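Quick caveat: nothing in here was measured; it's all calculated off a predicted structure. Labels below follow one simple rule: chain letters A, B, ... track the order of the sequence lines, proteins then strands, and each chain is numbered from 1.
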Amino acid sequence: MSGAAPAIEARGLTRHFGDLVAVDRLDMRVPKGSIYGFLGPNGCGKSTTIRMLCGLLLPTAGAAYVLGVDVRRDPEALKSRIGYMTQRFSLYDDLSVAENLRFMSEIYRLPRRRRRPAIEAQLKRFRLKDRRNQLAGSLSGGQRQRLALAAVTLHRPELLFLDEPTSAVDPESRREFWEMLFDMVDDGATALVTTHFMDEAERCHALAILNEGSLVASGSPKTLMAELPASVVEVETGNPRAVREFLLRFEPVIDVAQLGSRLHALVTPELPEPVAVLAAALERDGLDATLRRVGPNLEDVFVMATQGG
Amino acid sequence: MLSATRILAIARKEFFHLRRDRLTGGMVAGIPIVMTLLFGYAINHDVRNLRAMVVDEANTSASRALVADAAASQVIRIVGRAGSPGALEEMIASAEISVGIHVPPDFEERLAHGTPPYIQVLADDSDPVVLNAMRGLNGLAVGPAARQPGAVEIRPLYNPERRTAVFIVPGLCGVILTLTMVLFTSIAVVRERERGNLELIITTPVRALELMTGKIIPYIFIGYIQITLILILGMWLFDVPVRGDLEDFYLGAGVFVISILSLGLLISTAAETQFQAFQMTFMSFLPQLLLSGFMFPFEGMPRAVQYLSEAFPLTHFLRIVRGVILRDASLPMLTADLWPLALFFLVVMSIAILRFRKRLD
């Protein structure tokens with residue numbers, strides 16, 4: 001798999017909007033047959049990158065080859081081979097489920113005799129059979145998302161771009177969605193998915209974390225967690241606000257994330273015995289807390305990668 | 001290669017939108033009906049029953065016949081007699097009457113010696129409509145008087161009753177379509193942009209020409225529905241005579257419809273929001289309404305404005321439709337106005353397709 005040509009290869013990909021640098025010298029490589037996760041705060045350049053890779057936006061500088069096609073030169077050669085599910089539902093609200101799918105099957109010029117079976121198969125696969133005559137605008141969030149996915153995979157694209165596909169759906173639909181995504185990848189497709197959910201990120205074969213247009217971390221979730229340049233100390237306390245404020249001012253602490261009643265303090269790795277040092281400091285300040293050293297999770301990786309420094 | 005499948009897919013989808021969008025659907029029939037009634041009834045250039053008074057200082061049989069003749073035209077209604085020309089002027093100034101007719105005492109002598117003016121018509125020309133009407137009455141008064149009173153009448157060839165509706169309604173086909181066709185198409189594309197559908201469409205392999213052609217097809221049908229509606233209303237309510245061949249009319253209308261649809265598409269490539277599309281549509285509509293010869297006589301406009309209006313589809317369609325409907329002209333006689341429409345379509349459609357980018361930047 002790693003020896004084959006990659007599905008996506010970008011080098012120094014850059015996009016300016018006036019003075020704003022939306023994407024800054026991005027290098028990325030997505031192997032075929034994998035799910036590649038795109039993480040980053042809102043406005044970090046994820047959508048802009050996807051649009052450049054789809055040929056919808058011209059890069060200001062740099063190069064991108066998608067399925068071997070230079071997106072600056074021949075984006076049209078790419079379009080029948082990719083599927084792009086936009087962040088916002090972009091099918092027609094005033095068309096029914098079946099009408100939307102029929103429209104897409106004709107736009108992608110599926111052979112006439114294959115259209116109907118293909119649509120039926122999608123309706124079944126995405127559990128939309130009962131909804132076939134319902135207008136898309138009246139579907140629930142999860143149903144819409146399934147319809148969008150059905151439409152974008154109808155022509156069996158080799159590469160899928162999914163921009164926050166699960167942002168508007170309930171946890172059960174999210175789980176379903178990921179099962180379907182794994183099915184499609186098993187069938188040979190490649191997917192680039194943006195998400196804000198760490199549990200989803202953890203399911204990806206590889207991740208890229210973007211911050212302010214730049215790639216700040218990339219690799220498999222496991223590697224990213226193993227190679228986190230910080231020690232993680234879990235803090236349990238009855239007064240998380242005060243403890244967090246104190247820790248943020250405490251020199252060796254890089255950042256603090258709150259997970260319910262617990263805090264994760266990211267401490268510089270140079271500090272020996274971080275638990276003892278932090279515990280002593282908190283005690284000096286009269287703050288009550290139980291501390292223990294834990295292994296990093298993806299949230300820690302994300303916080304570490306996207307914090308200002 | 002263009003794909004018929006894709007073009008038809010877009011056309012069908014567009015029909016679905018129309019069927020489910022009640023507002024636009026209502027506008028398809030509503031605008032022609034409301035505008036035909038408005039223009040047919042309310043905006044009436046017919047000047048009738050202008051209040052008039054007469055001072056007949058000659059009081060001969062010839063002068064009485066002349067006054068009766070003027071009254072019979074129904075342009076004026078004689079409401080009484082005044083004592084002196086001065087009294088007429090006063091009553092016009094106070095807006096009691098619009099017209100005063102003064103027959104001088106030496107009317108018969110003037111007639112005999114052929115020394116005009118034979119009579120004097122005082123018109124309230126603070127209202128241009130009245131002045132305009134009096135030009136007609138003036139011809140009636142002076143023309144026949146030069147020969148025999150009442151021997152000559154004004155007899156327009158195509159609209160003897162001088163009813164505005166006969167001129168207005170065929171022209172309305174063009175005016176209404178210029179508004180609705182441009183509005184519908186520009187909105188149809190911009191709405192997709194606003195709702196985010198366009199981002200999906202441009203990610204597919206569809207080509208700009210396929211998209212534009214598919215978008216146009218349903219509106220050609222809508223255009224035909226509208227002109228048919230206007231024509232039926234015109235015939236039924238306003239007795240507009242249809243003298244030419246309907247095939248010629250529909251064929252000419254088809255060329256006109258695609259030419260203005262291309263204008264709508266061009267607007268849609270420039271407008272970001274539906275509101276902007278609205279504004280641009282009206283900006284393109286108003287000069288056409290005012291300068292095409294629909295509202296004001298083309299011949300009365302300055303030369304430069306005339307050249308400008310030659311660039312408007314409506315100008316040419318007005319000539320076509322009045323030719324076919326009122327003068328029984330056949331299409332080959334109207335080639336001079338057909339080719340500019342075809343040229344307009346080709347040029348504007350090409351610009352629209354070139355301007356349409358399958359990109360977001």
Exercise. Could you have a look at A:Tyr108, A:Phe17, A:Tyr92 and say which one has the most heavy-atom pairs with chain B under 4.5 angstrom?
Key: A:Tyr92
Quiz item: Which residues, numbered in order, of residues 174-198 of chain B come under 4.5 angstrom of chain A by heavy-atom distance?
Solution: B:Glu192, B:Glu194, B:Arg195, B:Gly196, B:Asn197
Quiz item: Does the pair B:His17 and A:Leu95 meet the rule for a side chain to side chain contact (heavy atoms under 4.5 Å, CB included), with working shown?
Solution: CA-CA 7 Å; B:His17 291 322; A:Leu95 260 56; 3.6 Å; yes
Exercise. Write down the atom of A:Phe103, the atom of B:Ala9, and the distance for their closest heavy-atom approach.
Key: CD1-O, 3.6 Å
Quiz item: Quick check: are there more than 12 heavy atoms from other residues, nucleotides or ligands sitting under 6.0 Å from CZ of B:Arg19?
Solution: yes
Quiz prompt | Atom pair CZ (B:Arg20) and CG (A:Asp93), whose distance is rounded to the nearest 0.5 Å | solution = 11.5 Å
Quiz item: Does the side chain to side chain contact (heavy atoms under 4.5 Å, CB included) test come out yes or no for B:Ser3 and A:Arg109, once each step is laid out?
Solution: CA-CA 8 Å; B:Ser3 157; A:Arg109 295 180 74 186; 3.5 Å; yes
Quiz prompt | Partner chain A: residue of B:Ile10, B:Ile201, B:Thr203, B:Val206 with the largest heavy-atom pair count (under 4.5 Å) | solution = B:Thr203
Practice problem: For chain B, find its close neighbours in residues 63-84 of chain A: heavy-atom separation under 4.5 Å, sorted by number, or none. | Solution: A:Arg72, A:Pro75, A:Glu76, A:Lys79, A:Ser80, A:Ile82, A:Tyr84
Practice problem: Using a heavy-atom cutoff of under 4.5 Å, enumerate the residues of residues 247-274 of chain B that contact chain A, numbered in order, or state 'none'. | Solution: none
Practice problem: Measure the CG-NZ distance between A:Asn100 and B:Lys13 for me, rounded to the nearest 0.5 Å. | Solution: 9.5 Å
Practice problem: Inspect the surroundings of CZ in A:Phe182 and state if more than 12 heavy atoms from other residues, nucleotides or ligands are less than 6.0 Å away. | Solution: yes
Exercise. Please flag which part of A:Phe161 lies under 4.5 Å from any non-hydrogen atom of chain B: side chain, backbone, both or neither.
Key: neither
Quiz prompt | Greater than 12 external heavy atoms within 6.0 Å of A:Lys129's NZ | solution = yes
Exercise. To the nearest 0.5 angstrom, please state how far the NE2 atom of A:His155 sits from the OG1 atom of B:Thr204.
Key: 9.0 Å
Quiz item: Hey, what do you get for NZ (B:Lys358) to SG (A:Cys54), rounding to the nearest 0.5 Å?
Solution: 11.5 Å
Self-check item: Residue A:Met104 versus chain B: region with a heavy atom under 4.5 Å
Solution: side chain
Quiz item: Pairs in or reaching into residues 204-214 of chain B: which pass salt bridge (charged side-chain N to carboxylate O under 4.0 Å, His left out), with residues at least two apart or in two chains?
Solution: B:Arg6-B:Glu210
Quiz item: Is B:Arg12 salt-bridged to A:Glu106, cutoff N-O under 4.0 Å?
Solution: yes
Quiz item: CZ/B:Arg359 to CG/A:Leu56 distance, rounded to the nearest 0.5 angstrom?
Solution: 8.5 Å
Quiz item: Do other residues, nucleotides or ligands put more than 12 heavy atoms under 6.0 Å from A:Arg25 CZ?
Solution: no
Quiz item: Which value, rounded to the nearest 0.5 Å, describes the distance between A:Arg51 atom CZ and B:Ile202 atom CD1?
Solution: 8.5 Å
